[in-house]
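This report refers to the structure that appears directly beneath it.
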Amino acid sequence: MATSPHLHPDEIRHLFAQAMSRMYRDEVPLYGALMELVAEVNAATLAGDPALAARLQRSDALDRLDAERHGAIRVGTPRELATLRRLFAVMGMQPVGYYDLAVAGVPVHATAFRPVDAAALARNPFRVFTSLLRLELIEDAALREEAAAILDAREIFTPRALALIEHFEQAGGLSADDAAEFVAQALETFRWHSEATVSHATYQALLSAHRLIADVVCFRGPHINHLTPRTLDIDAAQDAMQARGIDAKAVIEGPPRRRCPILLRQTSFKALQEPVLFPAGDSADAGTHTARFGEIEQRGLALTPKGRALYDTLLARAREADGAGSTGDYASRLAAAFAEFPDDDDTLRREGLGYYRYALTDAGRADPSAVSRSDVDTAIAAGLVTADPVVYEDFLPVSAAGIFQSNLGGGEQRAYAAQANRDAFEAALGAQVHDEFAIYARIEHASLAAIGHAAETH
Ligand code: OOG
Ligand code: NI
């Protein structure tokens, strides 16, 4: 009789991620081709690296290799963002991190809705990078007001989706039947609409304020703009995209290729030009819109604030050299800059640059008091304890800006003087975002506690 009447939020997220993947492959066939390419690269990587295959098998990750890791949407109003927070909560996804992209010339700020604990991530890691348009960054007051009025008049959620969110909040869960209906109804919010809600002229005016503004304002809802599977070898996948004539982004965002991968590396195929109809009295004008693409990612060690500061410094160094008399291409500048970033787990761990999960070996389990008597480094050296990298589950603002830019299809670069405004974002969200570092630190501390050691602080 102990069975819950409710489907677990992790299961609802799993159903939702699968439904989203099917929908996006139908909507964007090139994305289906990217999925196939990634599956081939992953199979070749596993065939050439039996140790990696065995490790993934042990951690159960092999089964889920082909499941998407993330997607992204952009919304226009505080109410839309706050309702999305409630919608994602049904699927066990919490807002983690604040990303200001205005500094990089994109008039949005963002968070990632994602599962937080290890078991939930292992069941299905799907997360959604969610940006809120900063309308205040539209300089032209009349255009700003027009955009605000258009956004205020739209409803991006179906009535049933809203009712089921409320039911979830009141009852503390959804039955399997309600969950299935919720997934179908929630999906409607993320669907592509090839008919714009505004005239071609309004679209053009918003487009010239910023292409992203047109993308957010001119449609019925926040269409999912990409999905991102995991690749085991992003360099090989990038080469394979180019070899097949897929229009890939020029550079892989994030850190360079390393022996010990850190944070997140990403690349994408560029957004497609898709036909759109714009209402014009009793008829419609034909035009196009560029928004939707496909992306791949490879993740590594979650860095501590100290490690992250070093990452930011070295990345800035590689990028600064971009123009002014620098020699060599970006890839070699990046590699040169990151030569300073230690590239073995022992040093990364001892210097407090990354988060690790500690566990007893068989020898450690046989003699736990020997473990608690010695410090962690000694216990590792004695073969009593292992330390495995904690995987980074979040995003990188500079990379995200690079992804945005390469997909705006206009090569535009502009800068906003605006300050980050986390308070305004959280007020719109109706909640505070979780601190990503605190989440990783908790994982590390819990693993230390489990082997009988007090937490070390980073
Ligand atoms: C989101 C871009 C950010 C990533 O992987 O960094 C992102 C967008 O284009 O809406 O998804
Ligand atoms: Ni992405």
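Being a predicted model, the structure only gives us computed values, none of them experimental. In this chain, residues are counted from 1 in sequence order. When a ligand or atom number is given, it counts from 1 through the structure's own listing order.
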Cationic tip of R127 above F16 ring, under 6.0 Å, 45° of axis: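 Here R127 fails the 6.0 Å and 45° test against F16.
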Derivation of the side-chain hydrogen bond (donor to acceptor under 3.5 Å, both in side chains) call for E68 and S21: CA-CA 7 Å; E68 278 87 354; S21 178; 2.7 Å; yes
Side chain, backbone, both or neither: the part of A72 lying under 4.0 Å from ligand 1 by heavy atom: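 Side chain only.
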Criterion side-chain hydrogen bond (donor to acceptor under 3.5 Å, both in side chains) on D100 and Y416, from CA distance to verdict: CA-CA 11 Å; D100 170 37; Y416 291 100; over 6 Å; no
Ring centre gap for F168 and F182 strictly below 6.0 Å: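 Ring centroids of F168 and F182 are no less than 6.0 Å from each other.
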Centroid separation Y24 to W192 less than 6.0 Å: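 No, the ring of Y24 stays outside the 6.0 Å limit from the ring of W192, centre to centre.
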Closest contact, heavy atoms only, K249 versus K270: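 Where K249 meets K270 most closely, the heavy atoms are CA-CE, 4.1 Å.
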Exercise: identify the closest heavy-atom pair between A72 and H226: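 That would be CB-CE1, 3.2 Å.
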Non-hydrogen side-chain atoms of R308 and F437 separated by less than 4.5 Å: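 They are in contact (side-chain heavy atoms under 4.5 Å apart), so the answer is yes.
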Contact check, H70 vs ligand 1, heavy-atom distance below 4.0 Å: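 H70 counts as a contact of ligand 1 under the 4.0 Å cut-off.
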Ligand 1 contact by E297, heavy-atom criterion under 4.0 angstrom: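 Not so, E297 does not reach ligand 1.
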Distance-only polar pair, side chains of E295 and T228, donor-acceptor under 3.5 Å: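 Yes.
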Subset of ligand 1 atoms that lie under 4.0 Å from at least one heavy atom of [X]:
| X | value |
| --- | --- |
| F129 | 1 (C), 3 (C) |
| N225 | 8 (C), 9 (O), 10 (O) |
| F395 | 4 (C), 5 (O), 6 (O) |

Sidechain-backbone polar pair: N42 side chain, L232 backbone, donor-acceptor under 3.5 Å: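 Judged by distance alone, yes, a pair lies under 3.5 Å.
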Heavy-atom nearest neighbour in the protein, as seen from atom 5 (O) of ligand 1, with distance rounded to 0.1 Å: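 For atom 5 (O) of ligand 1, the nearest protein heavy atom is Q266 NE2, 2.5 Å.
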Closest protein heavy atom to atom 2 (C) of ligand 1, given as residue, atom name and distance to 0.1 Å: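 Looking only at protein heavy atoms, the one closest to atom 2 (C) of ligand 1 is F404 CE1, 3.6 Å.
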E295-ligand 1 polar pair, N/O distance under 3.5 Å: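 Between E295 and ligand 1 (N or O atoms, distance only) the closest approach is under 3.5 Å.
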Pick from E253, R74, H226, R69: the one approaching atom 7 (C) of ligand 1 most closely through a non-hydrogen atom: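 Ranked by closest heavy atom to atom 7 (C) of ligand 1, first place is H226.
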Every N, O or S from the protein that is nearer than 2.8 Å to the Ni ion (ligand 2):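 Near the Ni ion (ligand 2), the protein supplies H70 NE2, H226 NE2, E295 OE1.
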Value rounded to 0.5 Å, distance of NE2 in H223 from NE2 in H193: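 Here the interatomic distance stands at 9.0 Å.
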